[in-house]
There are 2 protein chains.
Amino acid sequence: MSTEALIEQLLSDAADVSGDSAVATLHALLDDSTIEDDAAPIGIAEAADLVGLTPHTLRYYEQQGLTRPGRDASGYRAYSAADLRRLVFLARMRLSGMPMRELRRYIGLVEQGDATTGERRAIMIEQRERIRRRVRELNLALAATEYKIRTYGGHP
Amino acid sequence: MSTEALIEQLLSDAADVSGDSAVATLHALLDDSTIEDDAAPIGIAEAADLVGLTPHTLRYYEQQGLTRPGRDASGYRAYSAADLRRLVFLARMRLSGMPMRELRRYIGLVEQGDATTGERRAIMIEQRERIRRRVRELNLALAATEYKIRTYGGHP
DNA sequence: CTAAGCCTTCGAGCGCGCTCGAAGGCAAGA
DNA sequence: TCTTGCCTTCGAGCGCGCTCGAAGGCTTAG
């Protein structure tokens, strides 16, 4: 099951993202073991498919310094398990509204090694704040939208 | 759910009383019932201030056919209570991720009169789905982000 | 041997939603 | 009267995140 499919499944468990099955699915998504370490590297089309992006976008991310996949004998990109895990992470962070700029900064720290985990954590905490704020905005807009719907439903 | 309920919801989000949420609070409080119908029209700067947009943006919205404020003796835009209510609505819908395109379509229907309320309602229902979906995405990303934070916190 | 279909690089273009600057009009205070 | 400051229109520019097309190379099927 591809990441995209997993996300689809999660989103369609509409009732509760906090429910047990959703959490289990999420762990599957987050857990490294979902992508086997010893799997053979795959081509760009397959990788793109797996994470729900296009080959164009994957090349773009690489050009932006977010990934550095290996190459096969023909010079084609070869995405390893680690590369795929990073792509999954990038896709999820983009989806949550994290700007490319921040992602570049974060990946830069990752490539500098363990000494930067503190700073990385800080970035993720900022990111959490961004998401929470956005959720609050959306709940407000949702209330307004439901008000409109109800208004059209009967009594103006 | 009118102003009262929105306020209640705001209170439940009361954790952060930062500037950003002040804007959200303003938007909520400016629900239709809080703008008095007989208030004198106001200038573009004041209107922009009131709804948390810039005069540039207000002119842009007008150029896009979303508003049609009156003019004073000097040819300056004069936003009436009705104009302001519409601006508040537009701002809230934009904030919730409704595309300009949809908003143009919706306002077009509004200007066609009462015969279009059914179609308008349908648009708002689509919009509700968009928001709900986005909230679900964000909750998912939030869980992933918190997982990262926890991981850096100590036990990998 | 050829053609299909994937891959490569590079640079340009696009859709969105603003955002800004230029050039000038009008109003009110020192 | 002059200056300050907000207003007008118009069109261009920008930041983001892709998205696409051109021109060509490798590989496999027929």
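To find a chain, count down the sequence lines: A is the first, B the second, and so on, and within it residues start at 1.
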Apart from Ile131(A) itself, which Ile, Leu, Val, Met, Phe, Trp or Tyr residues share its cluster (side-chain heavy atoms under 4.5 Å, direct or through members)?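 So far as hydrophobic clustering goes, Ile131(A) is joined with Val135(A), Leu138(A), Leu142(A), Ile131(B), Val135(B), Leu138(B), Leu142(B).
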Tracing side-chain links under 4.5 Å among I, L, V, M, F, W and Y, which residues wind up in one group with Tyr76(B)?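 For Tyr76(B), no cluster forms, as it stays isolated from other hydrophobic side chains.
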Short of 4.0 Å, heavy atom to strand atom, which residues of residues 58-66 of chain B count as contacting DNA chain D?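 Contacts with DNA chain D under 4.0 Å: Arg59(B).
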Quick one: list whatever passes ring-ring contact (aromatic ring centres under 6.0 Å, His included) with Tyr106(B), sequence neighbours left out.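 Partners of Tyr106(B) under the ring-ring contact (aromatic ring centres under 6.0 Å, His included) test: Phe89(B).
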Taking the side chain of Thr57(B) as its heavy atoms from C-beta onward, which of dT19(D), dA27(C), dT19(C) lies nearest to it?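 Closest nucleotide among those given: dT19(C).
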Pull out every protein N or O sitting under 3.5 Å from an N or O of nucleotides 20-23 of chain C, one pair per line with the distance.
none

Pairwise 5' ranking along DNA chain D for Ala73(A) and Thr54(A), keeping only the more 5' one: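 First, find each residue's nearest nucleotide; the 5'-ward one identifies Thr54(A).
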Pairs under 3.5 angstrom only: tabulate donor-acceptor contacts from the side chains of residues 122-129 of chain B to other protein residues two or more places apart or in another chain.
residue, atom, partner, partner atom, Å
Gln127(B), OE1, Arg130(B), NE, 2.8
Gln127(B), OE1, Arg130(B), NH2, 3.0
Gln127(B), NE2, Ser96(B), OG, 2.6

Are there any protein N/O atoms within less than 3.5 Å of an N/O atom in nucleotides 2-6 of chain C, and if so, which ones and at what distance?
none

Partner residues of [X] under the side chain to side chain contact (heavy atoms under 4.5 Å, CB included) criterion, sequence neighbours left out:
| X | result |
| --- | --- |
| Gln112(B) | Leu109(B), Thr116(B) |
| Thr57(A) | Leu53(A), Thr54(A), Tyr61(A) |
| Gln63(B) | Tyr60(B) |

Quick one: do the Thr117(A) and Asp114(A) side chains pair a donor with an acceptor below 3.5 Å?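 On atom types as modelled, these side chains do not qualify, holding no pair under 3.5 Å.
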Using the ring pair (Phe, Tyr, Trp, His ring centres under 6.0 Å) rule, collect all pairs that involve residues 111-134 of chain A, keeping only residues at least two apart or in two chains.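 Sorted pair list comes back empty.
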Please list, chain by chain and in numerical order, all residues satisfying side chain to side chain donor-acceptor pair (under 3.5 Å) with Arg59(A), sequence neighbours excluded.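 Side chain to side chain donor-acceptor pair (under 3.5 Å) check on Arg59(A) returns nothing, list empty.
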